[in-house]
Amino acid sequence: MIKRSTLRSQIATALRDEILAGRLATGRDFTVKEIAEQYGVSATPVREALVDLAAQGLLDVEQHRGFRVHEFTLADYRAMCEARQLVVDGVFQGIETDQEHAGGSPASSAPSPLSAGMSVARRALGGLGPEVLASVRRRADAAERAARAGDLDVLIAYDLRFWRELSGLLGNPYVCDFLDRLRVQCWVFAVPVLRRYSSLRGRLWSGHNALLDAVEAGDARAAREVMATYHQHALAQVGAEEPHA
């Protein structure tokens with residue numbers, strides 16, 4: 001017998017995938033009963049799963065009417081990309097600063113309090129063992145193949161896994177969960193826009209291995225450059241570039 005908590009998680013994951021794929025379109029209304037009948041389960045785990053997705057910002061609770069798939073705006077998307085960039089760039093800046101301290105003169109190498117970015121950076125590099133690296137590399141390879149082929153559904157699945165495993169190296173579950181939530185929300189906004197193109201070949205970001213190469217080499221500067229390109233691509237692919245002054 002499947003435990004209710006497991007069923008709740010399975011339903012939440014299935015619905016999140018439906019939202020990511022665009023099959024549960026933004027703005028669509030539905031009830032607990034409707035979803036329970038669709039999956040052939042009782043209302044309780046469905047209601048719990050929907051509340052979980054609402055807490056993740058993917059659903060809106062409609063008082064006495066059910067739930068609605070949240071509609072993210074272009075301004076939301078820009079803000080989410082900016083928040084993501086600020087956090088990730090802070091980590092790589094911490095690595096760069098740590099390396100500068102390590103290569104400094106004896107006079108400048110006296111112990112000093114670590115910044116949050118430096119502390120996270122040290123945990124990240126310390127966790128990049130051969131097995132972890134091989135796993136993240138597999139995600140990167142699969143994501144890049146899907147991106148080059150223009151296969152959006154496959155790309156999203158491997159892209160999220162790639163970033164989740166890479167973010168997991170930070171050793172901070174709050175940062176990891178925050179970044180994962182932002183990536184899911186960014187995809188929810190981007191998917192309907194990208195679906196308008198007849199072909200996505202050459203339109204999707206495929207720099208996963210370039211980033212992983214930089215991280216593996218401990219080259220924070222190169223990693224920051226890859227991430228800057230990634231940020232600009234994320235905005236450009238949906239027409240969200242900031243207007244020039």
Side-chain angles (χ1 to χ4, degrees), residues 12-28 52-60 68-92 136 139-140 142-144 146-148 150-170 172-197 200 202-212 223-243:
T13 299
L15 289 172
R16 191 199 69 167
D17 290 345
E18 292 288 298
I19 294 170
L20 278 168
R23 290 186 289 270
L24 267 180
T26 56
R28 175 178 167 182
D52 289 344
L53 292 176
Q56 294 170 28
L58 300 181
L59 299 178
D60 297 325
R68 172 179 292 178
V69 180
H70 184 75
E71 295 186 68
F72 293 101
T73 66
L74 190 61
D76 291 332
Y77 183 79
R78 286 197 186 107
M80 291 186 293
C81 287
E82 181 181 276
R84 183 176 67 191
Q85 184 188 31
L86 286 171
V87 173
V88 175
D89 190 67
V91 171
F92 287 122
V136 181
R139 310 301 187 198
E144 288 193 2
R148 288 192 294 269
D151 193 332
L152 188 58
D153 290 334
V154 174
L155 169 62
I156 291 172
Y158 282 108
D159 180 76
L160 289 174
R161 292 175 192 172
F162 168 81
W163 288 108
R164 195 175 296 122
E165 289 191 15
L166 198 61
S167 300
L169 297 174
L170 302 178
N172 186 317
Y174 295 97
V175 173
C176 186
D177 288 347
F178 174 71
L179 291 174
D180 187 54
R181 178 180 299 191
L182 284 179
R183 292 190 192 287
V184 170
Q185 292 176 343
C186 283
W187 274 122
V188 169
F189 175 85
V191 165
V193 179
L194 295 172
R195 295 277 191 214
R196 298 171 190 165
Y197 294 103
L200 289 172
R203 291 186 178 274
L204 303 172
W205 187 74
S206 57
H208 302 75
N209 274 304
L211 176 60
L212 190 54
R224 293 179 73 186
E225 290 174 357
V226 173
M227 288 306 303
T229 301
Y230 170 64
H231 177 69
Q232 291 303 316
H233 184 278
L235 295 175
Q237 71 179 356
V238 298
E241 304 99 317
E242 293 287 356

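Along the sequence shown, residues are numbered consecutively beginning with 1.
Atom CG of Leu53 and atom CG of Asp60 lie 11.5 Å apart (nearest 0.5 Å). Taking CG of Leu58 as the start and OG1 of Thr26 as the end, the distance is 12.0 Å to the nearest 0.5 Å. Residue His233 holds its NE2 atom at 11.5 Å from SG of Cys81, rounded to the nearest 0.5 Å. To the nearest 0.5 angstrom, Trp187 atom CH2 is 5.5 Å from Leu152 atom CG. A distance of 13.5 Å separates NE2 of His231 from CZ of Arg224, quoted to the nearest 0.5 Å. With rounding to the nearest 0.5 Å, the separation of CG in Asp177 from CD in Gln56 is 9.0 Å.
Residue pairs meeting the salt bridge (Lys or Arg N to Asp or Glu O under 4.0 Å) criterion with at least one member in residues 161-170, sequence neighbours excluded: Arg139-Glu165, Arg164-Asp180.
By the 6.0 Å contact criterion, OH on Tyr158 is open, its count of non-hydrogen atoms from other residues, nucleotides or ligands being 12 or less.
Ring geometry for Trp205 against Trp163 counts as parallel: the plane angle stays under 30°, on a 0 to 90° scale with 60° as the upper cut.
Two residues are said to be in side-chain contact when any heavy atoms from C-beta on lie closer than 4.5 Å; Leu160 and Leu20 meet this criterion. With contacts defined as side-chain heavy-atom distances shorter than 4.5 Å, the pair Ile156/Val191 qualifies. By the 4.5 Å heavy-atom criterion applied to side chains, Met227 and Tyr230 are counted as neighbours. For the pair Phe178/Asn172, no side-chain contact is recorded, criterion being any heavy-atom separation below 4.5 Å from C-beta on.
In this structure, Leu74 and Val238 approach most closely via the heavy-atom pair CD1-O, 4.3 Å. Heavy-atom minimum distance, Ala143 versus Leu155: O-CD1, 3.3 Å. The two atoms that bring Val69 and Ala25 nearest to each other are CB-O, 3.3 Å, heavy atoms only. Nearest approach of Cys176 to Gly168, heavy atoms of both residues: SG-N, 3.9 Å.
With Arg84 contributing its side chain and Arg183 its backbone, the two residues share no donor-acceptor pair below 3.5 Å. For the pair Gln185 (side chain) and Met80 (backbone), a donor-acceptor distance under 3.5 Å is absent. A donor-acceptor pair under 3.5 Å is absent between the side-chain atoms of Gln237 and the main chain of Val193, judged by distance alone. Checking side-chain atoms of Asp76 against main-chain N and O of Thr73 turns up a donor-acceptor pair under 3.5 Å. Within the 3.5 Å criterion, the main-chain N or O of Ala234 finds a donor-acceptor partner in the side chain of Tyr77.
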- Item | Audit row: His208, Asp159, side chain to side chain contact (heavy atoms under 4.5 Å, CB included) steps and yes/no | CA-CA 8 Å; His208 302 75; Asp159 180 76; 2.8 Å; yes

- Query: What's the verdict on side chain to side chain contact (heavy atoms under 4.5 Å, CB included) for Val175 and Val91, showing C-alpha distance, side-chain angles and the deciding distance?
  - Reply: CA-CA 10 Å; Val175 173; Val91 171; 5.6 Å; no

- Does the pair Glu144 and Arg148 meet the rule for a salt bridge (charged side-chain N to carboxylate O under 4.0 Å, His left out), with working shown? CA-CA 6 Å; Glu144 288 193 2; Arg148 288 192 294 269; 3.4 Å; yes

- Message: For a side chain to side chain contact (heavy atoms under 4.5 Å, CB included) check, start with the C-alpha distance between Val184 and Arg16, then their side-chain angles and the critical distance, and finish with the verdict.
- Response: CA-CA 9 Å; Val184 170; Arg16 191 199 69 167; 3.9 Å; yes

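Taking Ala210 as the reference, Val226 meet the side chain to side chain contact (heavy atoms under 4.5 Å, CB included) condition, with sequence neighbours excluded.
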